[in-house]
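Input: a single structure, listed below in structure tokens.
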Amino acid sequence: MLFCNAAARERGIQPGLTVAAARALAHDLVVQSRNGRAEQQALQGLAAWAYQFSSQLSLYPPGELLLEVQGSFSLFGGRDALFASIRSGLAELGYSAWLASAPTPLAALSLARCDSEQHIDGLQNIAAALAALPVSVLDWEQALLDRLNGIGVRRLDDLLRLPRDGLACRFGQQSLLYLDRMMGRCPHPQTLYQPPQVFSRHLLLPAEVCQAEGLLFVLQRLLLEMCGWLQGLGVAVQQVDIRLLHREAEVTRLSIGVYKPTRDAAQLNTLLREHLDRLVLQSAVIEVELKAGETVRLDDQAQDLFDTAERPDTIDLLDRLRARLGDEAVTGISAVAEHRPEYAWRYSVPGDSQKDSNGLQRPLWLLSVPRPLKTQHGHPLLQGRLQLRPDRERIESGWWDERDMARDYYIATTASGSCYWVYHELTGEHGWFLQGVFE
Amino acid sequence: MSLDHLLQRTDIWRGGQLATAVSAVPSGYAELDELLPGGGWPRGALTDILMARQGIGALRLLMPALSQLSHDDRWICWVAPPHIPYAPALMAAGIDLSRVLLVHPKGQQDGMWAVEQSLRSGNCSAVLAWPALSDAGVLRRLQLAAEAGDALGFLFRSQRFVDRPSPAALRIQLDTQSDSRLSVSILKRRGGWSAGPVQLDTTLQHGALALHSHTATAAGCFQSRWQ
């Protein structure tokens, strides 16, 4: 047994017992075997999240993260404030952790490994702070630790009292270097963590989930991790894709979309809840996967505005309606210049309606089939290079009229003064076409 | 205590005197505005419009106000309209179509949720809905949501709900006269007795405002149950 929860502890189970012994104490014990891959993924996810606190970050698998925080104090309002944010963030993610800080990486790791939440200031205080720790905090080979034990060295102060020459001789130069690094007598270069360019997390659920709301907790944790990652990279997303893997059914896909790019976990959580509210699971979920959509850079100034304007209570109405009712349930409306009454309107993207369709310039001649135009460096040609008027008109349609098209229309003039109506495809081949003649 | 002192108390109002501190949007009909507290449709409140039948011009009555509101930077949200709002007519009534938001929920429950969210969000200047219900608890939530979001909430309902209690700040009843003018009775208003009826000329200047939905495909549009 490596870990157990409070309920198990009450029944007398503690780490170190064999599974058989533990089962004898509690026959209904649920045992999860250790999953190295999942641990590694969890640490990676945690690192991506922690990147918001410091860009100088190293992974110490299986369960340790090292952050260079000196440089982050001023940004987060001091050491205590920084640690408070890290601590509350970890609690939200559902992790229990021990936070310790010291002038050297190995001193900080040693403290944390002893479940000791201490903070050492100044190199000269390291020795005193570590004195009482057992030598087992050193991640040395067991054989070395046994030999230390054999000569009566149990605590770090015992070890540090040993003469340097003898130490190097009996335990190897590496051990001396380790201690020198720990005491800050020589530098300790770290392999820095590079955050992934794409956020994608995959989780095996500890138990099958049959109710959509049962997924809320685990997905919220992943969203929190993702938002930490976004914060660290200074970017935001407009879309988050979630895949729910079932034991015996097709994958269920959810997509949380927002109008304005965001990295606000509370906002995304609210939308996630709306999605889950209307989700009926056809089959139990065994795995979940969460992917951040394409990221958009937010400069710091914009982020400030954002943070005050985009609190969850002012979450964009459209996002909220779409999340619960579906994309197709939220539309705008446009007038269409058309004499048949039933075609004189169409649904459109909200806010995107043509202000005055009747005032739009239309050519008197329309080509029955649009004619492809040759291009040069992406610019359309017709009797030479066409001059495009700046007032572009975007005509898009989609599910609401079953004719999928997206075009930018321009009024174009040739060198000789003829006037044409051309469009640029926004999808597919991105070609240029001649559609009409202003006769 | 003198009478003057009494009259200065804020918790005392005199019959026949309208509360003028109410913030309102002019209805565009002077005869009606005179009867409405603040001189128009109340902001941050529900207006309950009870109609004798369909097609008498309830929507037309709102057009001047909606036209004005559409120049705000907020949505005019139509939740589950019984027909398709006809874009050319809305435009002719001076409404900026880019501010029109249509929501097509799949059922009554989602519909009421959408109305409440829209009212509360602060993103809508007006919310129009056609609920076939009289649950005072639900209506109270909507009234509170309208206050929170500073929105004008218009509920179009059948006049069979006329005797049911409603927390709406304003309740009006619509009928037509023999000369086809719209007759508006005020059943309830803030700081005043019921009043009216007042006859308004809302004759067809703008053509049909709603298109019957079977002539076009309305995605998921549910029909309010008119009786």
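Note that this is a predicted model, so its numbers are computed, not measured. Naming: A, B, ... by sequence-line order, numbering from 1 per chain.
Crowding of B:R164 atom CZ: a count of heavy atoms from other residues, nucleotides or ligands under 6.0 Å not exceeding 12. Counting heavy atoms of neighbouring residues, nucleotides and ligands inside a 6.0 Å radius, atom CD of A:E213 does not exceed 12 of them. Annotation for B:E31: atom CD counts as buried by contact number, over 12 foreign heavy atoms lying within 6.0 Å.
One finds the CG atom of B:D110 at 5.0 Å from the CG atom of A:L325 (value rounded to the nearest 0.5 Å). Atom CD of A:E328 is separated from atom NZ of B:K106 by 5.0 Å, given to the nearest 0.5 angstrom. Going from atom CG of B:L90 over to atom OG of A:S334 covers 11.0 Å, rounded to the nearest 0.5 Å.
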Pair A:L317-B:Q117, side-chain contact (heavy atoms from CB on, under 4.5 Å): steps then yes or no: CA-CA 7 Å; A:L317 175 67; B:Q117 293 299 324; 4.2 Å; yes

side-chain contact (heavy atoms from CB on, under 4.5 Å) evaluation trace for A:L318 with B:L101: CA-CA 9 Å; A:L318 296 190; B:L101 181 66; 3.5 Å; yes

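Minimum interatomic distance between A:R320 and B:W113 (heavy atoms only, all atoms of both residues): O-CH2, 3.5 Å. Listed here is the closest heavy atom pair of A:A335 and B:L97: N-CD1, 3.5 Å.
If you measure heavy-atom distances from B:C124 to chain A, the contacts under 4.5 Å come from the side chain alone.
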